[in-house]
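In this text the structure is predicted, and so the values were computed from the model without any measurement. Protein chains get the first letters and strands the later ones, always in sequence-line order, with residue 1 at the start of each.
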Amino acid sequence: MIRERSARVAVWPRQPSRGTRARRYDDRVNTENSPQQPPAPDIDVPEQVRVRLEKRARILDEGGQAYPVSVPVTHTIAAIRDAYDGTLEAGDETQDLVGVAGRVVFQRNTGKLCFATLQDGEGRTLQVMLSQREVGADSLAAFKADVDLGDHLFAHGRVIVSRTGELSVFADDWRLAAKAIRPLPALHKESSEENRVRRRHVDLIARPAAREMVRTRAAVMRSLRESFHQRDFLEIETPMLQTMHGGASARPFVTHMNAYDIDLYLRIAPELFLKRAVVGGVERVFEINRNFRNEGADSSHSPEFAMLEAYEAYGDYNTMAALTQDLVVTAARDALGTTVVTLPDGREYDLGGEWKDIQLYPSLSAACGEEITPHTPLADLLTLAKRADISLDEKTATPGKVVEELWEHFVGDDLYAPTFVRDFPVDTSPLTRAHRSQEGVVEKWDLYVRGFELATAYSELVDPVVQRERFEQQARLAARGDAEAMQVDEEFLQAMEHGMPPSGGMGMGIDRLLMALTGHGIRETITFPLVKPRS
RNA sequence: GGGCCUCUAGCUCAAUUGGCAGAGCUGCGGACUUUUAAUCCGUAGGUUCCGGGUUCGAGCCCCGGGGGGCCCA
């Protein structure tokens with residue numbers, strides 16, 4: 001059995017506070033619950049933390065509990081609100097006894113009658129009233145001495161409504177449910193975005209929008225899975241640690257496996273494994289899981305992000321379009337209750353109704369005023385890019401890459417209402433089959449919402465010979481210094497050689513779906529995004 | 001990668017031309033039996049992100065570094 005060293009905070013007996021210097025403690029000292037351990041002078045402790053540590057120690061000293069194993073809760077805050085809100089008038093008292101617990105978010109301690117507002121995880125609140133007449137002078141004094149903002153408090157008593165109309169538990173008994181050592185931030189002021197992200201646990205206590213985002217995200221995940229299950233898709237988990245990186249164009253993270261002494265890649269996409277599952281007969285398959293890309297981090301990119309991929313045998317990029325539209329619209333209805341998204345700036349767009357459907361080359365030609373086709377020479381495209389002030393790495397530039405850059409610059413940013421953009425260049429889509437009727441393009445669409453790419457889908461390339469050629473092309477790109485190019489995945493090619501049925505495949509960024517549905521940045525949609533450590 | 005902005009008490013923010021580092025909330029002590037961010041009186045709380053420099057004197061000016069944000073690519 002592995003024993004982990006427990007990290008406990010050393011607490012010392014009450015000392016007279018003298019001077020203005022912050023006290024210190026050493027959180028590496030294992031004191032095994034002893035409040036008698038002397039402080040080790042190592043780390044500064046703010047005054048408020050010191051005071052609360054002293055309260056904890058005193059409570060333990062006096063034989064009380066700062067962290068009881070449980071408290072006898074009989075009702076949730078929500079249950080009491082639901083049962084009594086609107087049924088009682090100011091001053092009404094019931095004989096209904098309840099035991100309730102929550103975090104203390106406001107305290108109004110008057111002389112002989114104290115008020116505390118308890119909050120649950122959803123942000124619903126309930127007032128507790130503690131009267132000296134009801135609980136006794138000693139108990140009320142202890143309440144004032146022991147309970148701080150941020151503590152978890154348990155109260156037992158009758159359900160009443162105060163004279164000013166606030167639904168309350170009129171306590172006949174109370175206990176500390178868990179003592180908070182760190183103070184809450186000021187609840188009526190917004191924290192800085194950095195603090196919100198770095199200390200999301202505090203953000204979730206303090207900010208309703210943070211709580212809502214977590215719940216919206218959960219509702220979206222649940223909705224997506226439900227939509228897939230209704231269509232008889234199976235959910236599987238494919239490897240996150242891969243010996244080759246492939247399935248997308250992106251720089252991978254590299255890690256090392258000691259047992260085999262080999263480098264492994266954190267996956268950039270689950271695509272190749274999901275296709276192997278389709279070859280093996282899992283004909284409707286999806287996965288929702290994390291991808292990792294070793295690229296920049298900004299307001300729309302995170303190095304670690306949640307991805308949905310789905311494959312359907314005997315489907316194509318048209319069936320995937322219908323599927324995707326339904327997934328998104330259903331998720332909006334399930335999570336928001338409407339298909340109309342209202343952005344924080346007041347802007348609105350509707351995910352319902354018909355979605356726009358445009359083609360890449362014609363829409364680019366119209367936007368930049370020049371005819372651009374799959375046959376437009378690279379040199380002409382580069383000239384256009386230069387004129388539009390788009391800087392490119394000419395060493396690794398291909399016609400398709402430049403066309404996509406041009407398209408994003410001239411068209412992509414303005415697409416707020418959902419729009420499918422169809423039929424992409426061949427050389428940027430090595431896993432996609434050639435278009436059934438148009439030369440020089442592949443059957444691929446990108447879905448744009450709110451100015452960014454939300455999803456992409458292909459009629460999948462299933463010809464193993466063409467697939468091998470495309471990989472070899474990628475390998476040549478890699479040799480020219482393109483770090484995003486795919487490697488030749490022999491395992492995957494052999495799987496394809498066993499025969500993959502004609503299929504449609506789709507990938508969607510889950511974080512981006514949340515961004516599209518809520519209008520917030522990616523760091524708000526991810527509960528605990530990666531943040532740069534402080535030095 | 002480039003440009004611009006930003007970092008001050010636990011939290012949110014001030015600080016005039018370079019001239020004694022402040023407020024509100026939180027904390028601590030006191031008063032108060034119907035409060036809603038309770039109120040009132042008193043009080044404590046600082047490595048002004050870090051390291052250099054200029055200056056009689058730097059939160060402020062200069063150089064370098066770090067964190068964060070926005071815009072561009």
Side-chain angles (χ1 to χ4, degrees), chain A residues 14-23 43-55 89-93 104-119 125-137 139-141 143-145 147-151 160-171 180-199 202-203 205-207 295-301 385-386 388-394 402 405-406 408-409 412-413 451 521-524 529-535:
Chain A
R14 265 178 295 171
Q15 294 178 5
S17 75
R18 62 187 115 82
T20 60
R21 188 98 183 102
R23 283 287 141 66
I43 300 169
D44 282 338
V45 176
E47 186 200 11
Q48 292 186 46
V49 173
R50 193 194 79 226
V51 167
R52 286 159 180 248
L53 283 169
E54 287 169 358
K55 285 187 184 180
E89 310 228 328
D92 280 357
E93 301 198 359
V104 177
V105 289
F106 296 116
Q107 246 177 319
R108 297 169 291 279
N109 288 351
T110 67
K112 299 189 177 69
L113 180 63
C114 295
F115 303 87
T117 303
L118 303 187
Q119 177 178 284
T125 58
L126 183 65
Q127 175 167 278
V128 172
M129 296 168 65
L130 295 107
S131 161
Q132 188 182 87
R133 203 173 295 143
E134 189 76 10
V135 299
S139 176
L140 193 68
F143 175 82
K144 290 183 189 177
V147 178
D148 290 305
L149 280 178
D151 292 353
I160 68 162
V161 175
S162 74
R163 275 178 216 166
T164 52
E166 185 74 30
L167 184 66
S168 307
V169 173
F170 195 66
I181 295 308
R182 284 184 189 276
L184 286 178
L187 291 176
H188 46 281
K189 291 262 175 63
E190 286 248 305
S191 284
S192 68
E193 189 182 331
E194 181 178 359
N195 277 339
R196 299 199 317 229
V197 168
R198 285 189 190 274
R199 298 190 303 159
V202 172
D203 192 32
I205 296 166
R207 200 167 54 96
E295 297 170 348
D298 61 34
S299 49
S300 62
H301 295 79
K386 220 166 275 173
D389 233 12
I390 300 169
S391 77
L392 290 160
D393 181 0
E394 298 202 7
V402 181
E405 291 283 346
L406 286 169
E408 275 174 40
H409 179 264
D413 293 348
I522 196 166
R523 268 185 294 272
E524 293 296 318
L530 183 77
V531 283
K532 214 168 184 177
R534 290 186 150 137
S535 51

request  = Ignoring hydrogens and angles, tell me if any N or O in the side chain of K144(A) forms a donor-acceptor pair with the backbone of G111(A) under 3.5 Å.
outcome  = yes
ask   = Whom does rG27(B) pair with, Watson-Crick or G-U wobble, provided both distances fall under 3.5 Å?
value = rU43(B)
ask   = Under a 3.5 Å cut-off for both distances, is rA58(B) Watson-Crick or wobble paired, and to whom?
value = none
query = Does R523(A) have a side-chain nitrogen or oxygen under 4.0 Å from the phosphate oxygens OP1 or OP2 of rG69(B)?
reply = yes
inquiry  = Can you work out whether F106(A) or S131(A) has the more 5'-proximal nearest nucleotide on RNA chain B?
reply    = S131(A)
ask   = Picking from D148(A), L149(A), V49(A), what satisfies side chain to side chain contact (heavy atoms under 4.5 Å, CB included) with P183(A)?
value = V49(A)
inquiry  = Using only modelled atom types and a 3.5 angstrom limit, is any donor from either the side chain of T164(A) or the base of rU34(B) paired with an acceptor on the other?
reply    = no
message = Using a heavy-atom cut-off of 4.0 Å across all strands, would you classify N109(A) as base, sugar-phosphate, or nothing?
response = base
query = Side-chain donor or acceptor of E166(A) under 3.5 Å from a matching atom on the base of rU35(B)?
reply = no
Selection from rU36(B), rG68(B), rC32(B) that lies nearest to any side-chain heavy atom of K144(A) = rC32(B)
message = Once you apply a heavy-atom cut-off of 4.0 Å, does R52(A) come out as touching a base, just sugar-phosphate, or nothing?
response = nothing
message = For the CD atom of E524(A) and the CD atom of E193(A), what is their distance to the nearest 0.5 Å?
response = 5.5 Å
inquiry  = Under 4.0 Å, heavy atoms only, any strand: does Q107(A) hit a base, just the sugar-phosphate, or nothing?
reply    = sugar-phosphate
task = May I have the distance from E93(A) (atom CD) to rU33(B) (atom C1'), rounded to whole angstrom?
result = 13 Å
remark   = The Watson-Crick or G-U wobble partner of rC4(B), with both key distances under 3.5 Å, is rG69(B)
query = What pairs with E295(A) under side chain to side chain donor-acceptor pair (under 3.5 Å), at least two apart in sequence or on another chain?
reply = none
query = Could you give the distance from CZ (R199(A)) to CD (E194(A)), rounded to the nearest 0.5 Å?
reply = 10.5 Å
remark   = rC20(B) -> Watson-Crick or G-U wobble partner, both distances under 3.5 Å, gives none
message = Could you tell me how far apart H301(A) (NE2) and rC72(B) (P) are, to the nearest whole angstrom?
response = 13 Å
key: Given RNA chain B, 5'-ward residue of the pair G165(A) and K112(A), judged by closest heavy atom   = K112(A)
message = So if I take every side-chain heavy atom of S162(A) and compare against rG67(B), rC32(B), rU34(B), which nucleotide ends up nearest?
response = rU34(B)
message = Does rU35(B) have OP1 or OP2 under 4.0 Å away from a side-chain N or O of R108(A)?
response = no
inquiry  = So, OP1 or OP2 of rC28(B): does either fall under 4.0 Å of a side-chain N or O from K55(A)?
reply    = yes
task = Please give the nucleotide sitting opposite rU35(B) as a Watson-Crick or G-U wobble pair, both distances under 3.5 Å, or none.
result = none
Detail all sub-3.5 Å separations between protein N/O atoms and N/O atoms belonging to nucleotides 1-11 of chain B.
from, atom 1, to, atom 2, distance (Å)
rG10(B), N9, Q48(A), NE2, 3.4

key: Q119(A) side-chain N/O to I205(A) backbone N/O, donor-acceptor pair under 3.5 Å   = yes
ask   = Should rA15(B) form a Watson-Crick or G-U wobble pair with both distances under 3.5 Å, which nucleotide is its partner?
value = none
Any donor-acceptor N/O pair, R198(A) side chain to K532(A) backbone, under 3.5 Å = yes
task = Under the side chain to side chain donor-acceptor pair (under 3.5 Å) rule, collect the residues that match up with Q127(A), sequence neighbours excluded.
result = R108(A), S168(A)
inquiry  = Can you identify which nucleotide, out of rG27(B), rG69(B), rU34(B), has its nearest atom closest to the F115(A) side chain?
reply    = rU34(B)
